[in-house]
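This report refers to the structure that appears directly beneath it.
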Amino acid sequence: MADATEPDSIDEALARLDAALSRLDAMVVRRIETAAQPDDRDTELALMDEDRARLAAALDAASARLAEVSATTGEVGHRLDRAIETVQDVLGRA
């Protein structure tokens with residue numbers, strides 16, 4: 001009786017081994033295909049780097065413009081103070 005079940009067990013084991021090898025082969029093929037395709041993450045990272053560089057340049061330009069506006073505002077404030085003093089002096093003499 002043991003001899004009658006042994007060939008069945010071997011056949012079943014071979015069938016399981018064959019199925020496992022088929023699954024492994026399919027996984028290897030999928031992995032190779034995936035590796036050959038460009039990774040979307042790399043593309044997204046490149047786009048994000050470009051955006052970051054563009055935004056950094058825009059921020060630098062805005063910061064420089066803010067510095068110019070601040071300097072101009074200070075100068076205008078100083079001139080207004082002098083004009084107010086001049087008007088007050090003229091009104092005080094009259």
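Heads up: numbering here begins at 1 and tracks the sequence.
The salt bridge (Lys or Arg N to Asp or Glu O under 4.0 Å) check on Arg41 picks up Asp39, with sequence neighbours excluded. Among residues two or more places apart in sequence or in another chain, the salt bridge (Lys or Arg N to Asp or Glu O under 4.0 Å) test is passed with Arg65 by Glu68. Under the salt bridge (Lys or Arg N to Asp or Glu O under 4.0 Å) criterion, Arg16 pairs with no residue at all, not counting sequence neighbours. When the side-chain contact (heavy atoms from CB on, under 4.5 Å) test is applied to Val87, the partners found at least two apart in sequence or on another chain are Leu91. Arg79 meets the salt bridge (Lys or Arg N to Asp or Glu O under 4.0 Å) test with Glu75; sequence neighbours excluded.
A distance of 12.0 Å separates CE in Met27 from CD1 in Ile32, rounded to the nearest 0.5 Å. In this structure, CG on Leu45 lies 6.5 Å from CG on Asp49, to the nearest 0.5 angstrom. Considering CZ of Arg23 and CG of Asp18, their distance stands at 10.0 Å, rounded to 0.5 Å. To the nearest 0.5 Å, the span separating CG on Leu47 from CG on Asp42 amounts to 11.0 Å. Rounding to the nearest 0.5 Å places CZ of Arg52 at 9.0 Å from CG of Leu55.
Residue pairs satisfying the salt bridge (Lys or Arg N to Asp or Glu O under 4.0 Å) criterion with at least one member in residues 82-94, sequence neighbours excluded, are absent.
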Please step through side-chain contact (heavy atoms from CB on, under 4.5 Å) for the pair Leu80 and Val76, ending with a clear verdict.
CA-CA 6 Å; Leu80 280 174; Val76 167; 4.1 Å; yes
